[in-house]
Amino acid sequence: MNCLEGLNDKQKEAVMKTEGATLILAGAGSGKTRVLTHRIAYLITEKGVRPNNILALTFTNKAAKEMKERIENLLQMNTYSLWAGTFHSICVRILRRDIERLGYNTNFVIFDYTDQKTVVKNCIKELDVNPKHYEVKSMISFISNQKNKLTSPQEYIKEFFGDFRERQKGEIYELYQSKLKSNNALDFDDLITKTIELFINNEDILDYYQEKFRYILVDEYQDTNSAQYELIRLIGKKYKNVCVVGDADQSIYGWRGADISNILEFEKEYTNSKIIKLEQNYRSTKNILNAANYVIDNNMNRKKKNLWTEQEDGKPLCLYNAESELQEASFVVDRIQNIRDIENYFYKDFCILYRTNAQSRILEEMLIKRNIPYKIVGGLKFYDRKEIKDIVAYLRLIQNPLDDVSFKRIVNTPKRGIGLKTVEKVQDYCNNTGESLYSAILDVQDIGGLSKGAIAKLEKFSLLISKFIAMKEIMGVKELIEAIINDIGYIKELEEQQTLEAESRIENIKEFISVAVNYEENEGEKSLEDFLANISLLSDIDKTDETVNNSVTLMTFHSSKGLEFPIVFMTGMEENVFPLSRAIFEDDELEEERRLCYVGITRAEKQLFLTHTDRRMLHGKSQFNAPSRFLEEIPRNLIEEYLGEKANKRKQIREGMKKQEGKLFKGHVYRHETIKPAINDIENSTNIAIGTKVNHKVWGIGTIVQVKGEGEKTEVTVAFKNKGIKKLMLSFAPIEII
DNA sequence: ACGGGCGTCTTTTTT
DNA sequence: AGACGCCCGT
């Protein structure tokens, strides 16, 4: 076996530079996964490193799994002792061993976003602060930000003691954290920060892992946040054999705390670090790669690099301007069918990308209508379905009886006549004794103020849970789930409803059981806690059904990171959609959108389609958006516009425009162009366009930044000098066009 | 305790 | 458009 076979010089260098810190700047499609796997194989065979001395951090569990499989193929040995996984799953593994040192139990559960919302809501209520001032969503991201910066609630409160609002935010954070602890629960960020805390407070444990993980590899390094950076720094401090692979141009998780400056920090932290650049792209045709290079070049805040390919020019990019999202969907599906028929591609070779999950619906409907098999990544959120969350809540309470959030979810699901008032009384009791809800109802007589009926019902419930806890000891996960469903009569209740919705819920539950079967067949360890951690740490990519074989893939641009497809459709290429409206006025956010666009383009191997529509239903309203600025950033000679048979009229209009403007794609013509109405209303069109200057009776001069609706209902958003942004009904507003 | 109905709000990406 | 929360009647 030769670990260097088939690699180019740079790749070889990256594989062989095993000692010391290495920063691999790997452009899109430059074979970084290949380098990582070969590097690990090289470490094992050539350097005699034992697999259990290697830690590989990946972005999804799927990537970890694939990496292990490839190494196994390369080396013909099993990689059981190699730790490869996401930051989160690796941290769970570490915490399961030693989290007791931090005062948690090793059977802790992981709280997802829904649980976090519940906890934050409780905190706001309990602290009796004005909920208007502290939106749940922004509190969660506030807390997440603090954790990623490794700021404790106490530190935050201390720092902002003088500022009432900030201090109160700190207090919510503090209460949130203590609630998590009393529930014996960790949120996603805690998995990282608690591991760091464990290391910092326990030198022996840190030392153990420093010795264990002598070689560390980190994939998708551009998307790590400061906490993750700190974690790597701690573990790697002793041997400094840290190899990170990333591409700053593909950093798309800034909103989640990912920090590109980690790349700069890396060079500072590891003074003798070696930087290796992989710039040859093996994935895409010249046309596609050029388009990507041109687009990303518009980002000011970036190091130039030269990504090149030996491949042929390939087909030009195909641009399509639809009237509506329906027409857009129908175009995409037409092309898929057509190309598959004529050019020998399979359905699995196609991928449809969009900016937001909400855009998938129309595409799905069209695919169903035309009988094309497809799978959708994310969006669907199988594990967010009520019926699944209910069953999971049972499992969580069984595995961690301190979990009050799950307790409250299921105490009256299915209906047992235990209402809010009763639960509140138990909660009051618990607030005094410090017990968990489940523990309190074990001695339900001790709780004051409950009616006889309530006591009986609670007793029955506590017996039920106790029984399940006993069953857990002797049953596998699948068996346990089936026992629970039978016992509580969940499916029976649904069957009685006899609705389509109930039917699909039953289907989902069956699907969930097969998830458990799968888990028991494939996973080495088979505990309930491991099962639960497993399902909560799955990325959207991990969750997609691998068994659906030959189908078109639909997903967001974000989910597509790290993947590749022969033929890619980038849909919804419109201002306010992509880039998203809120990113347009923020330079940083706009640049991140552009990187996202770059990620999208570079997914394509052979052919790339770009579609945009004149009119799109968004949030229940018709919107007219100009074509995305990213389209203008692609040189015109790389693009061929698709004009279907119905487009003759359109073609004439466009030809006319071309003559007028001289060029269609040069400069920012589109954005200042009159909003194009749907063809049939052309007679009714007005001169209102984005960029039009208007004079308002009261507010003076302003610029139109958005136009929504049509006809009498047209609503314009105008940015006034010094007066801010106002929404106006065109038909009533006292404005005139300047 | 529970469910229906009405009004309000919000609009991203996710481990 | 859709989710969510609140209120009221049973």
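Naming convention: chains lettered A, B, ... in sequence-line order (proteins, then strands); numbering from 1 in each chain.
The A:Glu593 side chain lies nearest to B:dT12 when the options are B:dC2, B:dT15, B:dT12. Proximity note for A:Tyr253 (side chain, C-beta onward) versus B:dT12, B:dA1, B:dT14: the nearest is B:dT14. Listed nucleotides B:dT15, B:dA1, B:dT12 differ in distance to A:Arg582; the shortest reach to its side chain belongs to B:dT12. Comparing B:dT15, B:dT13, B:dT14 by their closest approach to the side chain of A:His88 singles out B:dT15.
C:dG5 and B:dT12 have their C1' atoms separated by 23 Å, with the value rounded to a whole Å.
Remark: P of C:dA1 and CD of A:Glu365 are 14 Å apart, rounded to the nearest angstrom. Atom-to-atom, CG of A:Leu57 to C1' of B:dT15 comes out at 13 Å; the value is rounded to the nearest Å. For the pair A:Leu353 CG and B:dT12 P, the interatomic distance rounds to 19 Å; values are reported in whole Å. A:Lys125 has its NZ atom 12 Å from the C1' atom of C:dC6, to the nearest Å. Atom CZ in A:Arg595 sits about 13 Å away from atom C1' in B:dT13, given to the nearest Å. The interatomic distance linking A:Gln228 (CD) with B:dT14 (P) rounds to 16 Å, in whole Å. In this structure, CG of A:Asp189 is placed 16 Å from P of B:dT14, rounded to the nearest angstrom. Taking atom CD on A:Glu135 and atom P on B:dT11, their separation rounds to 7 Å, with Å as the unit.
At least one side-chain nitrogen or oxygen of A:Thr422 sits closer than 4.0 Å to the OP1 or OP2 atom of B:dA1. Between A:Thr556 and B:dT14 there is a side-chain N or O to OP1 or OP2 distance below 4.0 Å. In this structure, A:Asn576 does not reach the B:dT11 phosphate: none of its side-chain N or O atoms is under 4.0 Å from OP1 or OP2. Here A:Asn357 reaches the OP1 or OP2 of B:dT14: one of its side-chain N or O atoms lies under 4.0 Å away. For B:dT15, neither phosphate oxygen OP1 nor OP2 lies less than 4.0 angstrom from any side-chain nitrogen or oxygen of A:Ser89. Proximity of A:Lys121 to the phosphate of C:dG5: a side-chain N or O atom is located under 4.0 Å from OP1 or OP2. Contact check, A:Lys137 against B:dT11: a side-chain N or O comes under 4.0 Å of OP1 or OP2.
Looking at heavy-atom distances under 4.0 Å, A:Asn412 makes contact with sugar-phosphate atoms alone, never a base. Residue contacts shown for A:Leu420 are limited to sugar-phosphate atoms, with no base heavy atom under 4.0 Å away.
Once rounded to the nearest 0.5 Å, the distance linking CZ of A:Phe87 with OG1 of A:Thr195 reads 11.0 Å.
Judged by the 6.0 Å and 45° rule, A:Lys561 forms a cation-pi pair with A:Phe59.
For A:Lys68, the side-chain contact (heavy atoms from CB on, under 4.5 Å) partners are A:Thr79, A:Leu82, A:Ala84, not counting sequence neighbours.
Classified by interplanar angle (parallel below 30°, tilted 30° to 60°, perpendicular above 60°), the ring pair A:Tyr173/A:Phe142 is perpendicular. The aromatic rings of A:His88 and A:Phe188 lie perpendicular to each other, with more than 60° between the two planes, well past the 30° mark.
A:Phe87 does not qualify as a stacking partner of the B:dT15 base, lacking a centre-to-centre distance under 5.5 Å together with planes within 30°.
Not a single donor-acceptor pair, N or O on each side, falls under 3.5 Å between the base of B:dT13 and the side chain of A:Arg256.
Taking the nucleotide of DNA chain B with the nearest heavy atom to each of A:Lys415 and A:Leu537, the more 5' of the two is matched to A:Lys415.
Around NZ of A:Lys65, the count of heavy atoms belonging to other residues, nucleotides or ligands within 6.0 Å does not exceed 12.
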